[in-house]
Amino acid sequence: MFQNLFWVSVDITQKGYEKKRAKLLARYIPLIQGKRPVSGSSQATATGVKQQKSRSNNSRDERFRSDVHTEAVQAALAKYKERKMPMPSKRRSVLVHSSVETYTPPDTSSASEDEGSLRRQGRITSTPFQSHSNVEPWLNRVIQGSSTSSSASSTSSHPGGKPAAASNTATVTAAATVLADLMVASVRGVPRGYNSSILETADGVPVNSRVSSKIQQLLNTLKRPKRPPLKEFFVDDFEELLEVQQPDPNQPKPEGNQMNVLKGEPLGMVTNWPPSLLAALQRWGTTQPKAPCLTALDTTGKAIYTLTYGKLWSRSLKLAYTLLNRLTTKNEPLLKPGDRVALVFPNSDPVMFMVAFYGCLLAELIPVPIEVPLTRKDAGSQQIGFLLGSCGVTLALTTDACQKGLPKAQTGEVVTFKGWPRLMWFVIDGKHLAKPAKDWHPQVRDASAEIAYIEYKTSKEGSTVGITVSHASMLAHCHALTQACGYSEAETLTNVLDFKRDAGLWHGVLTSVMNRMHVISIPYALMKVNPLSWIQKVCLYKARVAVVKSRDMHWSLLAQRDQRDVSLSSLRMLLVADGANPWSISSCDAFLNVFQSRGLRPEVICPCASSSEALTVAIRRPPELGGPPPGKAVLSMNCLSFGVIRVDTEEKLSVLTVQDVGQIMPGANVCVVKVDGTPYLCKADEVGEICVNSGATGMAYFGLLGITKNVFEAIPVTAAGVPVSDQPFTRTGLLGFVGPDYLVFVVGKLDGLMTVSGRRHNADDVVATALAVEPMKFVYRGRIAVFSVTVLHDDRIVLVAEQRPDASEEDSFQWMSRVLQAVDSIHQVGVYCLALVPANTLPKAPLGGIHISETKQRFLEGALHPCNVLMCPHTCVTNLPKPRQKQPDVGPASMIVGNLVAGKRIAQASGRDVTQLEDNDQARKFLYLADVLQWRAQTTPDHPLFLLLNSKGTVASSASCIQLHKRAERVAVALLEKGRLNVGDHVALVYPPGVDLIATFYGCLYAGCIPITVRPPHPQNLVSKSACILTTQAIMKLLKSKEAAAAVDIKTWPTILDTDDMPKKKLAGIFRPASPDMLAYLDFSVSTTGILAGVKMSHAATSALCRSIKLQCELYPSRQIAICLDPYCGLGFALWCLCSVYSGHQSILVPPLELESNVSVWLSAVSQYKVRVTFCSYSVMEMCTKGLGTQTDILRVINLSCVRTCMVVAEERPRITLTQSFSKLFKDLGLSARAVSTTFGCRVNVAICLQGTAGPDPTTVYVDMRALRHDRVRLVERGSPHSLPLMESGKILPGVKVIIAHTETKGPLGDSHLGEIWVSSPHNATGYYTVYGEEALHADHFTARLSFGDTQTIWARTGYLGFLRRTELTDASGERHDALYVVGSLDETLELRGMRYHPIDIETSVIRAHKSIAECAVFTWTNLLVVVVELEGSEQEALDLVALVTNVVLEEHYLIVGVVVIVDPGVIPINSRGEKQRMHLRDGFLADQLDPIYVAYNM
């Protein structure tokens, strides 16, 4: 499988591809010439200093060693020695991460929550370098060539040590392919040679011939879809279900017999066994008051206090009395029996805890022991709060010292932690307790089924539950432990575990009191300072029993050489509480190895298995207690992943060695059941969940009836479905099997189980593999978390590690790549995401270890802040739907017949008929706008046509009919005299938005020249072979400036005239065009795909356009409209310059630029002039929505109730979320909900739809997004999955006809079918005007005919996909209204996996993925999907986005993101209409002009 590994190499660039290519190829240059670089198998250090570091500093690194496993991993990695990963480089600032505590004591072990359960241990003497021979050349390489700042150098070193030449000739696009190739592992065991021949992929990109089979496969599937068998023809594509993994026919299957229920030995009868735990305490407290119960130690290991049984009894009595009688609220006792009370005690104070625990039991209160909350944001603290709330806890008991250390509010009270209920804190130190009254005696009852205490447990998902244990269970458990461990009265026990829960509580607080034992409690803080302390105490107190975890054994090994004089001969049992962890065996073996010479007998080591729900499940008994000899199993990891037990024989690499955890508890029945679904009994050679039925298990999850039933009341059944017992069993959450001699073996926990495409993997095993990868020195203190996240209906493995502060980029990258290889080899599973975080930044569990669920939560919320990320979705995601197969096209005739048969009408619609509309305006007698202006100047000279507002909202300039006419005449004179222009010459108008622009436009018409409006002052915009440039003095200076000269050759400029002072000469005569079809003006615009194209507008089209708009919006001289648009192209230009002159209404002009200094200027103008009709762009709407939401003082004076229609001028799918939020926001200012609508136009026809004043409101439909990918429209209900809202783009204008045509066959389509929108109307443009003579390419855009049906009409193709749908509404003419829905531009669509995607849909998903994503744009590059994300936040968050973006696109669109590029806000270019210029962005990306913060290649 490994040859298919696709890396997500991560690349963090400063000035990218060019350098990157050199950098990436540099170290492979010898490869290409047939040499191989030296591979450093262990971490290179430039000096030998690291080798001499004291052992304790590297403590963590050694301890996860298991010889077998490390050797296996090394052997697996040896196969890949030839490969070197390309190095990432990163924008410098990303590397500066939060500071790290310089030294952390050896506490924070790795992996699981139970204080780091992975113990790997091995050769204590192994050298830091496994292969000295390789070190030197590696060092040279590092010293000579590598640049210290990984992003500053453009070349990287290769093994020769010479910097590689940057002048590599491969094309930029090849970088990706070569990169992909270099990053893909070679076929197992075959060294990688390079073939010099270069292949080309479909799109002409040279690739190396040995391109990975996976990438090639991917490219091939996208290129050549297979022909489907016939039946698929009739299957609706909506069954595009995800591929279900077909089981491998050769996978191992269990073959054994069905297991039987295992019965434990009976609980022995003891003559004077007390009837309850409290009875035992009363007995010892009164008959043996001087007997020691518990010795507490300080952090130096000194015994600070010994609690006797007498003291424990008297203090517990005092506390019980105080709690019941002295705590009151409003003269009512605060607590009544059965209430829950929180116990908040630090790990260093077992004495107070014990008093509190027994005091609560005596008062018949239910103790809930929890961790001490240190800050308001402790990992998992919120869930603990939830537990306390659901238990109804109102009182917390604590010590004086602990209460002083809690965070306080200003009042001096303890703060309420996030998610916690309000608590009263009560300090139980002696001075706060009252002496019980003479006549007060607690009732010491027999053990009952009432709740005794609640133990908390955090689940895999992070939720915290409380497990209730009854008095009877507590007593039975003590009884069973006493019998299994052979406890006798007055024995001494050393307890290293947390005494608040689990084995630490069961042995060190409960069973010890039952048997009047003396417990020496070793605090965690002491273990951190002196890991040998527990052994010293065993020796000092001659302890007979010690209760430890494997990490405690491990730590003591690291320090053992300093202590020659310890002896462990007194121990008869060394209980290993996490013996169920598969990796504890190495710690046990190594510990025995070292301490056997100090009196430790092999049979003393007793691993045990326990779970919070079932308490103790099994304990290995020493021979004197009748235990059988210990067992060990070497199991095949591959078979285990299928849940089958096979002793491994040949494949020595991937094995798991497990030790038994002894026999089941006395009085218990145990069976193993299937993990999922009904609890069927497993076969003898099958791994399942261990279930226990006994009187000594937990009762329930407090307050959670549903999951309680599932876990505490399971009824195992045989294969035939017959229950094995009438008693319910408790599921333990442990995965294992029963081996020979009825010994129990545990191979993992349900909490760490990850099921990836049907195979089960254990998180702990993956951690162990990662830790066995050299250089081990790389991971900080062995802190690694492994968990799975569900993406696209399957578990995906995520591995997060803390890297050492001194790790270089190269180290981290090499380590990551090797971990991927190792996990793949040993577990045959791909890692979906590998993230490295700075040292000490992962959330910690209360006693060391990593808080896994909190880490997972942070990963999913994008709050992990990794400093390196590697994602491999291509390897892991194997359940994508099959790529769509293109069906042979159905011909246009069959299409029409099909529609007829289905009773569907052909999709066509038209606006009102212009010829039949009453229009008594004189203006329509004039064919030419120039004539209309002269006529208006004569008939209504002083009628104001234009008011231009500035940012203050005051009128900056205005023009009446006569003023405009006179200015136009002067411009015409200047053109003819100064410019010496001829009729038909092109004139560029370079003006800021204003009246000058309009006047010079008409001046050009008067002179017979062709005006082209150009946005100042971009010299590149001067296309179209202009013979003259008209502009203002200020811009003229700019055009002739040095800066302009640098950008463009000034000698090539045409004449530049400024129109600020022109001769006041009379124009001889106004030019009359010979025919209405002559060119009136050129309309230039940059399309969203980045092509600059001009369209030709004839005089006839110009006046037809004005007339249609006039009729649709009912414009007359008495009307006022407000326009906040750019006046340079499209409908914006027509509204700004043409319509007022034609219809005579007054236009209030607000340049969008003015909103930057005063956001409210447009809406204030609308309100002030009581405008009924207004136009704006999406960018204006967005500025108002974002900028005005908070400015209440401005908004008070604005009233929008006058607005009948507010239209957004656009050439795209309506942005429904923006228009809705705008409507909602301004609803309170009187804006009617139905006022906001959108228009639709494009290059071939600038105004196809426009809401206008009459006609029904725009409708919204919901379509299935998956169907759109297949070019289908499927209407669904609002809120259904995958639904996408589409809003109608306004009403079709008078005189406009629209039809939907098939994109390929050009046949007409039926109602509600997706196709290209074609338009026919008198105001269609007459053709493209391109500077480079490409007119022929696009001729068919303007003169298309249908291939079937009405083949006579001439249509223009808009290049937009959409559909027509007949609605139930009636339009002005009484007909049923046809709504046009625009889906998106055809040029923009992405063809991926045989389907058509609209970028905006992917972008919408991505923007929702994280709060810091400000904007996003997607495009494709060599068949890879590239997602560019603008990060609005700290650069620390940049790498969080990589996984979130990949996840969301996979989940919602079934696409694997190829490259994630994270950039600063404002990098994604947009045009004046607010549309993203994705192709410009793509060009910028390929030319490396984006200066990205981070680039991740998911390959």
Hey, are the side chains of [X] and [Y] touching, using non-hydrogen atoms and a 4.5 Å cut-off?
X: L792; Y: L880; value: yes
X: L1431; Y: Y1494; value: no
X: V1428; Y: V1467; value: no
X: S757; Y: N879; value: no
X: V1429; Y: V1445; value: yes
X: L1424; Y: I1456; value: no
X: I1493; Y: V1463; value: no
X: Y1397; Y: T1389; value: no

Which heavy atom in [X] sits nearest to a heavy atom in [Y], and how many Å separate them?
X: I784; Y: A801; answer: CG1-CB, 3.8 Å
X: D794; Y: V756; answer: OD1-CA, 3.8 Å
X: T458; Y: H851; answer: CG2-CE1, 4.4 Å
X: S853; Y: S459; answer: CB-O, 4.1 Å
X: H827; Y: T769; answer: NE2-OG1, 2.6 Å
X: V1449; Y: V1406; answer: CG2-CG2, 3.7 Å

Counterpart residues, salt bridge (charged side-chain N to carboxylate O under 4.0 Å, His left out), relative to D1401 (two or more places apart):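 With neighbours one apart ignored, the set is R1213.
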Which residues pass the salt bridge (charged side-chain N to carboxylate O under 4.0 Å, His left out) test with R1215, not counting sequence neighbours?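 Residues passing salt bridge (charged side-chain N to carboxylate O under 4.0 Å, His left out) with R1215: E1212.
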Pair [X]-[Y], side-chain donor/acceptor within less than 3.5 Å:
X: S463; Y: Q383; value: no
X: H865; Y: T841; value: no
X: H1453; Y: S1405; value: yes
X: T1446; Y: N1498; value: yes
X: N1447; Y: Y832; value: yes

As an exercise, state the distance from [atom1] of [X] to [atom2] of [Y], rounded to the nearest 0.5 Å.
X: Q1477; Y: L1481; atom1: CD; atom2: CG; answer: 10.0 Å
X: L1450; Y: R796; atom1: CG; atom2: CZ; answer: 7.0 Å
X: R804; Y: Y780; atom1: CZ; atom2: OH; answer: 8.5 Å
X: C833; Y: F787; atom1: SG; atom2: CZ; answer: 8.0 Å
X: E1435; Y: I1462; atom1: CD; atom2: CD1; answer: 10.5 Å
X: T855; Y: L842; atom1: OG1; atom2: CG; answer: 5.0 Å

salt_bridge(K844, E854) N-O dist < 4.0 Å: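 Judged by the 4.0 Å cut-off on N to carboxylate O distance, K844 and E854 do not form a salt bridge.
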Which residue, L1390, V1448, I1407, forms the side chain to side chain contact (heavy atoms under 4.5 Å, CB included) with I1402?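 The residue from L1390, V1448, I1407 that satisfies side chain to side chain contact (heavy atoms under 4.5 Å, CB included) with I1402 turns out to be L1390.
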Can you name the one residue among V779, L820, V819 that meets side chain to side chain contact (heavy atoms under 4.5 Å, CB included) with V773?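 It is V819, the one option of V779, L820, V819 that forms the side chain to side chain contact (heavy atoms under 4.5 Å, CB included) with V773.
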Applying side chain to side chain donor-acceptor pair (under 3.5 Å), name anything that partners [X], two or more places apart in sequence or on another chain.
X: N762; value: none
X: D751; value: none
X: E861; value: Q857

Examine distances only and state if a side-chain atom of [X] and a backbone atom of [Y] form a donor-acceptor pair shorter than 3.5 Å.
X: K856; Y: K460; answer: no
X: E802; Y: N840; answer: yes
X: H1410; Y: G862; answer: yes
X: S808; Y: D811; answer: yes
X: R760; Y: M754; answer: no
X: R1478; Y: E1388; answer: no

Using the side-chain hydrogen bond (donor to acceptor under 3.5 Å, both in side chains) rule, take T755 and D795 through it: C-alpha gap first, then chi angles, then the decisive distance, then the call. CA-CA 6 Å; T755 307; D795 277 5; 4.8 Å; no
Evaluation steps, salt bridge (charged side-chain N to carboxylate O under 4.0 Å, His left out), between K1411 and E1432: CA-CA 8 Å; K1411 60 180 188 306; E1432 198 170 39; over 6 Å; no
Checking side chain to side chain contact (heavy atoms under 4.5 Å, CB included) for the pair V1418/V1426: CA distance, chi angles, key distance, verdict? CA-CA 6 Å; V1418 303; V1426 181; over 6 Å; no
For W1421 and Y1497, take the angle between the two ring planes, folded into 0 to 90°, and tell me which bin it lands in: parallel under 30, tilted 30 to 60, perpendicular over 60.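 If you compare the ring of W1421 with that of Y1497, the planes turn out tilted.
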Do S1412 and E1437 pass the side-chain hydrogen bond (donor to acceptor under 3.5 Å, both in side chains) test, and can you show the C-alpha distance, the side-chain angles, and the key distance before you say yes or no? CA-CA 8 Å; S1412 298; E1437 291 177 354; 2.4 Å; yes
Please test L836 against W815 for side chain to side chain contact (heavy atoms under 4.5 Å, CB included), starting from the C-alpha separation and ending with a verdict. CA-CA 10 Å; L836 294 176; W815 184 80; 3.8 Å; yes
Cation-pi geometry met for R1269 and Y1454 (6.0 Å, 45°):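 Yes, a cation-pi geometry holds between R1269 and Y1454.
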What do the steps show when you test Q828 against M637 for side chain to side chain contact (heavy atoms under 4.5 Å, CB included), and what is the final call? CA-CA 9 Å; Q828 283 94 47; M637 203 101 85; over 6 Å; no
Would you sort out whether L1425 and L1392 count as a side chain to side chain contact (heavy atoms under 4.5 Å, CB included), showing the intermediate values? CA-CA 8 Å; L1425 176 64; L1392 290 163; 4.1 Å; yes
Side chain to side chain contact (heavy atoms under 4.5 Å, CB included) partners of S1283, counting only residues at least two apart: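 Applying side chain to side chain contact (heavy atoms under 4.5 Å, CB included) to S1283 gives Y1262, V1276, S1280.
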